[in-house]
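As a basis for the values below, the full set of heavy atoms in this structure was taken, side chains included, without hydrogen atoms, waters or symmetry mates. Residue numbers count from 1 along this sequence.
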Amino acid sequence: MCRQSVILVLFEPKMKSRRCDMPENDILQGLNPEQAEAVRYTGGPLLILAGAGSGKTTVLTRRVAYLISQGVPPGAILAITFTNKAADELKTRIEALLGERARGVWAMTFHSACARILRTELPGIGRSGAFTIMDSDDQLKIMRKVLKELNLSEKQYPPAGVLRAISGAKDELIGPEEYARQALTFYETKVAQAYGLYQNTLRELDGMDFDDLIMETVLMFREHPEVLAKYQRKFAHILVDEYQDTNRAQYELTKLLAASHRNIAVVGDDDQSIYTFRGADIRNIFEFEKDYPGCKVVKLEQNYRSTQVILDGAFHVVRNNMRRKEKRLWTARQGGAPITLYAAEDGSDEARFVAAEIENLVVQGFPLNSIAVLYRTNAQSRIYEEALVERGIPYSVLSGRRFYDRKHIKDAASFLRLVVNPRDVVAFERIVNEPPRGLGPAAVRKIIDHAATSGRDLVQALCSAAEIKGLTGPQKKSAESLGKAIEAASRKAQDQPVHVTLKDVLESTGYLSHLEAEGTPESQERLDDLRELIISARVFGEAGGTLEEYVEMFSLVSDQDVYDESREACVLGTLHSAKGLEFDVVFMVGMEEGLLPHARSMDDEYQIEEERRLMYVGMTRARHLLYLTFSWTREMSLGLGRSRVSRFISEIPRELLDVKTWGD
């Protein structure tokens, strides 16, 4: 579930119903026949299947303008988007068309709309509308208190993992009592207890989390029909963007609001449904015609972004999915350069090829910020970042930090710094409570002071924590355990490879096991990053580098990595983070079995279909040139391993590809 800032507007101006004096021809100007049909249809439920690059935002904007031109009051239109950025763009474009006549349209996210409704209606049913919306940090603090009250260990029940389970339940409109009834394991039983106490704590604090905003609105509508009827009358027309990404709670909310008048128009593309891990339910778009019998279906298949070659390649991939609505994108721009398929000797060769091609493309006149390198997981970015740094090519990372700037990578570096230099107080302060050991700021200060007064280094001070006055028994035990783990790693470091020392210290300090126990997609990504870091350490050591030189490398890479972000820079990002964006040139790297499709998806046919949709999304980000790259061998945890080209590559017709290999 995405987390957004919520903008609350408590009052809106009263708008009289009157026809907009903007001519219909102006509203429909420049639209193709299918777009115009979607804009003008007002006969009930409407499903707009909007393919990639088919102008769906234009259709949404013009449809709002058309409704207002037909006399629908702006305040009677609810246009739901998934992000504040999309909502702002929608409002800006509507206002550009209609000016002040557009004021009053509810163009906002699910969370914003629900927060606004709840603040208005809760006082009328005996509850406070002055609630606080808890962000992710607030939620973690509350959950830690809940776990402590239930006497549950954070190691066995990581707060983030418990919160994710609760979030998933709320997405399905499952409350604490029902969750407890459905619990099948001891872990789920304990999560149910935490869920109940967590909700009680939120109520005591007059707080709601983001999932509550939607669930509480749905529950209020179900339990208070008069409130639901009020908003059914108010919102004469409902529009929902990215319908393929809705979860069950969002689906139920829109279904309730549209139940009386059925004036609901949803825009989406089942071929771009890639957010199951966030709770998105692709069944919502597949079953829309069943939910609204007799609904109108309009397909937007004309693409305004990519060449026909790119569109044909993407189609031949996604057509292999069994669960999809038939459609095929086309463009008036016939032809185009073939898709370049590069078969690299190994991962380093692949990264060097990408960096060299980017340099060539810039010489040819492509702006650097119009070039993107996309991969399946964040952990893959390291080798491409290093190749770009080597050539002095500036880059930015979509929706995240560069590899060596990520918190868990800096944590790992700090563990090694302390192994090399047990007096490194900066590294010590960073990792002494990572993962949580109950060593707060006061305890850490006592340990540092003890080192100074006793003449010991910081690791020795940890090992002698029993001597430190003012520490509790558990704090002394935690400190000693950490000290012994680092001391042992330091003692063995001279006689073992660099990557073994890194792996040992991450394991012995409990850092890896903490992430594994958390069990969230985010923690899994961090584990993938750390495995990639261990691979880099092994390669570094095999090239003759020492542990001290490897630790020094972190600082050097970080220093070289700094650039002015106002300058042009190529873009790196995961395929998920690139959704909704477009670039002149796209490099899709790591096109191998185990990467795309990902290893965790290969045994499930539904997950394979989502991986194929992810491939389709990546391909359709490209306007002019598309590169697909893979390597025959790749550095893996146990050494250099043989790779298999992604099955999705074989689904692209050979005549659409220009195949190159290393040495060409």
Name each donor-acceptor pair under 3.5 Å that joins a side chain in residues 46-54 to protein atoms two or more places apart or in another chain, with its distance.
from : atom 1 : to  : atom 2 : distance (Å)
S54  : OG     : G51 : N      : 3.2
S54  : OG     : G51 : O      : 2.6

Q) Is it true that the side chains of R93 and T58 contain a donor and an acceptor less than 3.5 Å apart? A) yes
Q) Is there a salt bridge (Lys or Arg N to Asp or Glu O under 4.0 Å) between E611 and R376 once you walk through the steps? A) CA-CA 9 Å; E611 294 288 300; R376 175 63 177 84; 2.8 Å; yes
Q. What pairs with H261 under side chain to side chain contact (heavy atoms under 4.5 Å, CB included), at least two apart in sequence or on another chain?
A. I238, A258, N263
(Q) Give me each pair satisfying salt bridge (Lys or Arg N to Asp or Glu O under 4.0 Å) with a member in residues 52-67, each pair once, sequence neighbours excluded. (A) K56-D241, K56-E242
Extract all donor-acceptor atom pairs below 3.5 Å that involve side chains of residues 356-365 and protein atoms in other chains or at least two apart in sequence.
from : atom 1 : to   : atom 2 : distance (Å)
E357 : OE1    : Y627 : OH     : 2.7
E359 : OE1    : R391 : NH1    : 2.5
N360 : ND2    : A356 : O      : 3.4

(Q) Quick one, Y251 with D291, criterion side-chain contact (heavy atoms from CB on, under 4.5 Å). Give me CA distance, side-chain angles, the key distance, then yes/no. (A) CA-CA 11 Å; Y251 160 84; D291 293 332; 2.9 Å; yes
Q | Whether T331 side chain and N303 backbone form a donor-acceptor pair below 3.5 Å | A | yes
Q) Okay, side chain of D604, backbone of Y606: is any donor-acceptor separation there less than 3.5 Å? A) yes
Got a list of side-chain donor-acceptor pairs under 3.5 Å for residues 366-374, not counting sequence neighbours?
from : atom 1 : to   : atom 2 : distance (Å)
S370 : OG     : P367 : O      : 2.7
S370 : OG     : D584 : OD2    : 3.3

(Q) I need the full list of salt bridge (Lys or Arg N to Asp or Glu O under 4.0 Å) pairs touching residues 257-273, with sequence neighbours left out, sorted by first then second residue. (A) D269-K327, D270-K327, D271-R324, D271-K327
Q) Judged by atom type as modelled, is there a donor-acceptor pair below 3.5 Å linking the side chain of R119 to the main-chain atoms of F131? A) yes
Q | Under 3.5 Å: donor-acceptor pair, side chain of S306, backbone of A622 | A | yes
Q) In terms of side-chain geometry, is the basic nitrogen of R613 or E610 positioned less than 4.0 Å from the acidic oxygen of its partner? A) yes
**Q.** Option from T254, N284, D281, D171 for which side chain to side chain donor-acceptor pair (under 3.5 Å) with T246 holds
**A.** N284
Q.
On the six-membered ring of F286, is R283 placed so that its NZ or CZ lies under 6.0 angstrom from the centre and within 45° of the ring axis?
A. no
Q: Could you tell me whether the side chain of H576 and the main chain of I274 form a donor-acceptor pair under 3.5 Å?
A: yes
